[in-house]
S.K.: 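A single structure is presented below for examination.
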Amino acid sequence: MELHELTLKEAISALGAKTISSEELTKAYLTRITKYNRKLHAFITVRFKEAIKEARLADAERKKGTKKPFLGIPVAIKDNFLTQGIRTTSASPVLDDYIPQYDSTVVSRLKNAGVVILGKTNLDAWGHGSSGEHTVYGIPHNPYAYGYVTGGSSSGSAAAVASDFCIAATGSDTGGSNRQPASYCNVVGLKPTYGRVSRYGLVAFASSLDQIGPLTKDVRDCALLLNTIVGHDSRDATSVPMEVPDFTEALTGGIRGLRVGVAREYVPDDLDPAVRGVFDAAVRELERMGAQVDWDVSLPSTPHALACYYIIAPSEASANLARYDGVKYGFSCQDGDGMWDNMEKTRQQGFGDEVKRRIMLGAYALSAGYYDAYYLKALQVRTLIRREFDEAFERFDVLLGLVSPTPAFKLGEKLADPYQMYLSDVFTLPANIAGVPGMSLPAGFVDGEAGERLPVGIQLMARPFDEETLLRAAYAYEQATPWHEQRPEV
Ligand code: GLN
């Protein structure tokens with residue numbers, strides 16, 4: 001096995017046994033990034049020199065006997081996490097030269113655990129998108145199929161993990177941004193429960209939906225990374241003060257007798273037969289392992305989740321993005337006629353079409369006279385969706401569905417039709433709306449137009465703060481299937 005193929009778990013053991021050094025490991029990734037990032041555009045910023053320096057420091061610390069869980073582990077960070085002294089663009093020209101003064105909580109926790117930061121990964125600007133195409137830093141290609149999208153918005157993180165550019169990466173998920181690209185790139189992507197992980201220092205998209213989670217090569221790595229980033233943080237008022245378990249202890253135990261509900265809204269009748277085939281095979285596998293699968297479950301408000309999300313998310317985005325006025329930091333246009341004109345031109349020139357679409361949608365939905373008809377209505381639908389999840393979780397331990405109705409599509413295919421683009425998240429949005437944890441797992445491949453192998457993921461969802469059951473089910477499934485071991489030929 002080559003160095004870059006190690007999982008997080010394996011790398012921790014090898015570093016601990018001193019059979020490899022962090023410097024070797026870090027260089028192995030940097031070599032791959034140098035060779036292939038030009039083609040895949042997974043990274044926006046690569047820290048060639050700094051990462052090696054950090055790796056050498058980690059090796060020196062290890063020699064001195066320092067014990068840290070991730071000492072010398074090279075990771076990638078989505079470029080909407082603030083990183084002190086490292087450019088943080090959120091993939092928008094507005095923040096092209098923005099260098100944060102402080103670390104986001106998740107980044108500082110990872111640093112305390114000893115990681116080496118390889119660089120910052122590409123995304124749809126501000127997290128708005130499902131294909132990775134809304135970036136000004138080179139459009140990411142799917143590592144399994146050049147010319148196909150990676151999914152979004154954690155496009156670069158998913159592509160980087162799949163291509164062995166790093167051991168693991170962080171992502172943010174507002175409506176599916178960890179799970180959908182994970183599914184398109186054959187990696188594991190988790191959106192924890194709302195409140196589980198602090199968003200302090202994450203570039204805010206929609207604050208009542210945003211959640212941070214790992215993208216990893218397998219489920220055990222996901223649990224390991226989750227262990228490090230969870231926990232209460234007084235700087236994020238929504239982070240919940242509660243005991244955090246050791247998630248790796250939850251992995252074993254199997255799924256005999258686990259009550260699995262398949263919500264029919266997540267597996268509609270008009271699905272592509274090949275995708276359907278992957279899903280059915282996954283269900284059979286779970287049944288074979290002793291899970292009690294019930295096909296007859298309905299969460300009837302699911303079809304309204306898309307409309308609900310595209311009122312709430314743009315409303316919150318329009319408020320969060322109001323801060324980019326060219327006055328305090330970020331891109332600033334000074335050619336205008338006075339302060340107000342400058343602000344207007346700053347936003348006109350700095351924001352792309354998709355961001356503007358969302359700002360307009362959000363400002364409209366929140367405006368006096370329309371607030372009741374749109375925003376308030378969306379909040380009511382949100383309550384219904386949440387309630388249906390609560391009811392379903394009285395009968396089931398986990399809910400199973402697809403991550404996305406299709407595998408990765410071709411670059412450009414959905415760009416002209418935002419509605420089609422939004423539809424690729426129909427199955428991931430409800431978990432954000434309800435705040436429940438959701439996870440994407442590699443489940444198989446279907447053929448692309450020219451015979452490309454396109455990954456397909458299944459989604460598991462669990463009760464709020466029951467990531468343990470989620471991980472246990474996911475791990476059992478993973479152990480019984482070969483999909484997570486597949487690698488693309490980059
Ligand atoms: N694709 C969804 C959107 O465009 C979700 C994005 C996300 O989770 N950040 O809003």
Side-chain angles (χ1 to χ4, degrees), residues 78-81 90-92 121-135 140 149-158 169-185 189-194 197 199 202-215 305-321 351-362 365 378 382 403-406 408-409 413-415 417-440 457 459 461:
K78 185 176 178 178
D79 207 18
N80 60 349
F81 286 69
S90 205
S92 166
T121 56
N122 214 341
L123 64 149
D124 286 293
W126 312 105
H128 300 175
S130 315
S131 68
E133 294 167 287
H134 300 298
T135 172
V149 304
T150 52
S153 67
S154 304
S155 35
S157 288
T170 65
S172 59
D173 187 314
T174 306
S177 280
N178 282 352
R179 289 161 287 156
Q180 187 251 23
S183 145
Y184 287 8
C185 294
L190 171 69
K191 181 202 88 73
T193 309
Y194 187 76
V197 181
R199 293 96 36 88
L202 177 75
V203 175
F205 168 6
S207 307
S208 77
L209 301 160
D210 295 343
Q211 193 35 217
I212 287 168
L215 289 115
L306 190 78
C308 173
Y309 175 87
Y310 278 101
I311 296 294
I312 293 174
S315 295
E316 294 180 14
S318 71
N320 277 324
L321 292 165
F351 288 138
D353 288 348
E354 183 60 29
V355 194
K356 286 177 186 161
R357 177 166 22 244
R358 301 205 184 197
I359 292 174
M360 288 194 295
L361 269 172
R382 185 174 200 171
V403 177
S404 186
T406 67
F409 41 91
E413 196 179 310
K414 300 192 177 175
L415 260 187
D417 188 347
Y419 182 66
Q420 283 306 319
M421 186 75 92
Y422 297 169
L423 273 176
S424 59
D425 295 309
V426 269
F427 303 147
T428 48
L429 306 170
N432 299 77
I433 291 171
V436 304
M439 191 169 185
S440 171
Q459 180 178 208
M461 291 174 283

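Note that ligands are numbered from 1 as they come in the structure, with each ligand's atoms numbered from 1 the same way. Residue indices begin at 1 and follow the sequence shown.
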S.K.: Which pair of heavy atoms, one from Ser130 and one from Met421, lies closest together, and at what distance?
M.R.: OG-O, 3.6 Å
S.K.: I'd like the contact residues of ligand 1, where contact means a heavy atom below 4.0 Å.
M.R.: Gly127, His128, Gly129, Ser130, Ser153, Asp173, Thr174, Gly175, Gly176, Ser177, Phe205, Tyr309, Tyr310, Arg358, Asp425
S.K.: Counting only heavy atoms not in Asp353, do more than 12 sit closer than 6.0 Å to its CG atom?
M.R.: no
S.K.: Taking side chain to side chain contact (heavy atoms under 4.5 Å, CB included) as the criterion, tell me which of Asn178, Thr121, Thr170 meets it with Leu215.
M.R.: Asn178
S.K.: Hey, what's the ring geometry for Phe205 with His128, parallel, tilted or perpendicular (30° and 60° as the breaks)?
M.R.: tilted
S.K.: When you measure from the side chain of Asp124 to the backbone N and O of Glu133, does any donor-acceptor pair fall under 3.5 Å?
M.R.: yes
S.K.: Quick check: closest heavy atoms across Leu429 and Tyr310, and the distance to 0.1 Å?
M.R.: CD1-CE1, 4.5 Å
